[in-house]
Amino acid sequence: MQAWTPSSWQHHAAEQQPDWPDADGLHAALKTLSSYPPLVFAGEARSLQSSLAQVSAGNAFLLQAGDCAESFEEFSANNIREKLRVILQMAVVLTYSMGVPVVKVGRIAGQFAKPRSSATERIGDVDLPSFRGHIVNDSLFDAGARTPDPQRLLQAYHQSASTLNLVRAFAKGGFADLTRVHAWNQEFVASSPQGRRYERLANEIDRALHFMRACGVETESNPALSQVDIYTSHEALILGYEEALTRQDTLTGRWYDCSAHMLWIGERTRQTGGAHVELLRGVGNPVGCKVGPSMEAPELLELCEALNPSRVPGRLTLITRMGADVVEARLRPLLRAVTDAGHPVVWACDPMHGNTFSAPNGRKTRHFDDIVREIDGFVRAHRAEGTWPGGIHVELTGENVTECLGGADAVSDTDLDHRYETMCDPRLNARQSLDLAFRVAELISGTTV
Ligand code: PEP
Ligand code: CO
């Protein structure tokens, strides 16, 4: 194997890269990016890796959640706050019911690039480059809008920086206070028949909070109860962007991709000899890799070996996205092979990407019940193999959209047009997300909450 450098990926085949027509503009944008400050500090990536090591050992749970694709247009404090609110609400439910810490990682502050099944899109007899996320082009079907524009790399950086700034403020500034998050959960429980199923769990949390207060523990004055760590992550797809933000840590001398705390490799770019694996194998961040239904054990072991040859716990998260019907059967041999090879990975379940279909009106959607069914199959496979179902990876928004079917408010086919706002894949809305957290709590703790 050749020595790794931040640019060694350039000698490997790179899937899913945009065709930038303006080579000089691209070069200039990447040069500017390389001169900008890192978005995260290497020490934070190391803290996340230690927390993920706890997940891999079965002592913590990973909640990775956020947009399929962040948007340059839907960029507001409101949007960020509502997304964080639902992640915090889910985390409280999961922490209480499982009795372990929940490691919170957003698909946020950098999740701008999308892999596509086809490089071009045809409408009528017009062919244009496919929409690849706002870091590359615009979704409007128009030649100008679809032309990859290197200035967007800089805009993605700036939007990530402002988003991260607000995420940090919310995480540490009082917004995440346990009493407040619990009050939001109680509103959900009180406001729908589905929600009322979870009354018992909500009441238990209530009693626990009262008990602590009676003992003199005020959440406001206790950082462990009023502040949280929220980490950022995105798919490391656009390699030039990731390289430009890959920096040498002055404390350890190691290289880190400072565009986010955690980076993952998508299902379409996980070729063992490919450029994406090459770039991420050399950075010190915790990394993830999507694992779809076609994955066989020998290939998965090669990937584990490439991305984590020293078998460092917490370094590698395998995000399985099999589809509800096949997850149990496909996953079991992989769990066995990875365990037998001694790889201390985090196993997370993405119940979204294997369960997408088109509704009669043509909208891409997912059914809440399939999402729950995939997590159920994931948990069953882990139970059978004696491994820890370490986490979930979901696409959600804090807004009251109608993109996925079913859930607390029984969104139906005919509701999909009401608020279908996603830039890419259908997301769970706030109430569906919370409903899911309660369901996952039941599945993993093995009881009815
Ligand atoms: C995604 O996470 O949005 C995605 C494209 O997933 P996958 O690579 O698993 O298809
Ligand atoms: Co998606």
Side-chain angles (χ1 to χ4, degrees), residues 14-18 62-71 74 83 105-119 130-136 139 156 232-239 242 260 262-272 274-277 280 287-295 299-300 303 307 316-324 326-327 330-331 334 346-358 363-367 370-371 374-375 378 391-397 401 403-404 420-429 432-433 436:
E15 299 288 332
Q16 297 282 343
Q17 300 307 288
L62 169 65
L63 172 61
Q64 190 168 16
D67 272 310
C68 180
E70 288 175 278
S71 157
E74 301 291 307
K83 211 169 336 183
V105 181
R107 287 174 62 115
I108 199 168
Q111 175 52 24
F112 293 111
K114 297 315 297 175
R116 304 316 304 247
S117 46
S118 166
S130 291
F131 172 55
R132 290 186 180 274
H134 275 168
I135 192 170
V136 176
S139 60
T232 60
S233 70
H234 61 258
E235 178 173 350
L237 187 68
I238 307 296
L239 293 161
E242 302 302 336
M262 176 184 182
L263 287 313
W264 79 83
I265 303 172
E267 171 71 0
R268 292 163 194 77
T269 50
R270 58 171 168 69
Q271 302 75 21
T272 312
H276 294 81
V277 171
L280 289 198
V287 299
C289 187
K290 293 290 194 90
V291 176
S294 66
M295 180 69 93
E299 190 187 357
L300 185 55
L303 256 174
L307 291 169
L316 179 59
T317 297
L318 296 177
I319 307 162
T320 61
R321 31 89 85 219
M322 300 287 179
V326 302
V327 56
R330 298 295 313 165
L331 194 52
L334 302 181
V346 170
W347 292 101
C349 175
D350 166 356
M352 316 296 291
H353 290 90
N355 297 306
T356 316
F357 62 93
S358 291
R363 295 282 196 194
K364 241 202 307 183
T365 190
R366 294 159 173 161
H367 201 291
D370 293 333
I371 292 170
E374 174 142 6
I375 300 175
F378 171 83
I392 55 170
H393 179 118
V394 292
E395 290 181 342
L396 57 74
T397 168
V401 299
E403 299 170 4
C404 289
Y420 194 95
E421 297 173 5
T422 183
M423 294 247 312
C424 192
D425 291 339
R427 304 159 297 176
L428 295 167
N429 64 29
Q432 288 170 326
S433 302
L436 185 68

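Every heavy atom of this structure was used, including side-chain atoms; hydrogens, water molecules and symmetry mates were not. Each ligand, and each atom within it, is numbered from 1 in the order the structure gives.
Of the possible donor and acceptor atoms, none in the side chain of E235 sits under 3.5 Å from a partner among the backbone N and O of Q111. Looking at E403, its side chain does come within 3.5 Å of a backbone N or O of R427 through a donor-acceptor pair. The closest donor-acceptor contact from the side chain of E242 to the backbone of A236 lies at 3.5 Å or more, if one exists at all.
Residue G266 has at least one heavy-atom neighbour below 4.0 Å for each of these atoms of ligand 1: 8 (O). If you number the atoms of ligand 1 from 1 as listed, the ones under 4.0 Å from a heavy atom of E395 come out as 1 (C), 2 (O), 3 (O). Atoms of ligand 1 lying under 4.0 Å from at least one heavy atom of C68, given by number and element, are 3 (O). Taking every non-hydrogen atom of R107 and a distance limit under 4.0 Å, the qualifying atoms of ligand 1 come out as 1 (C), 2 (O), 3 (O).
For the pairing with V277, the side-chain contact (heavy atoms from CB on, under 4.5 Å) check across I265, V287, T269 returns one residue only, I265.
In summary, E299 and R270 engage in a salt bridge, as defined by a charged side-chain N under 4.0 Å from a carboxylate O. A salt bridge does not link K114 with D425: none of the charged nitrogens is closer than 4.0 Å to a carboxylate oxygen.
Of all non-hydrogen atoms in N429 and V401, the two that sit nearest each other are ND2-O, 2.9 Å. A pairwise comparison of heavy atoms in C404 and L428 identifies SG-N, 3.9 Å as the closest pair.
Atom CG of residue L237 and atom CG of residue L263 lie 11.0 Å apart, to the nearest 0.5 angstrom. E70 contributes atom CD, which lies 9.5 Å from atom NE2 of H234 (distance to the nearest 0.5 angstrom).
Between H393 and K290, some side-chain heavy-atom pair lies under the 4.5 Å cut-off.
Protein heavy atom nearest atom 8 (O) of ligand 1, with residue, atom name and distance: E267 N, 2.9 Å. For atom 4 (C) of ligand 1, the nearest protein heavy atom (residue, atom name, distance) is H353 NE2, 3.4 Å. Ranking protein heavy atoms by distance to atom 9 (O) of ligand 1, first place goes to R321 NE, 2.7 Å. When hydrogens are left out, the protein atom nearest atom 6 (O) of ligand 1 is K290 NZ, 2.9 Å; that is the closest non-hydrogen contact.
Under the 4.0 angstrom criterion for non-hydrogen atoms, M352 is not in contact with ligand 1.
Close N/O approach between E235 and ligand 1 is not found [any backbone or side-chain N/O within under 3.5 Å]. Distances between N or O atoms of H393 and those of ligand 1 include no value under 3.5 Å. For the pair K114 and ligand 1, the shortest N or O to N or O distance falls below 3.5 Å.
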Applying salt bridge (Lys or Arg N to Asp or Glu O under 4.0 Å) to E15 and R268, what does each step give before you reach the verdict?
CA-CA 8 Å; E15 299 288 332; R268 292 163 194 77; over 6 Å; no
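Protein N/O/S atoms found under 2.8 Å from the Co ion (ligand 2): C68 SG, H353 NE2, E395 OE2, D425 OD2.
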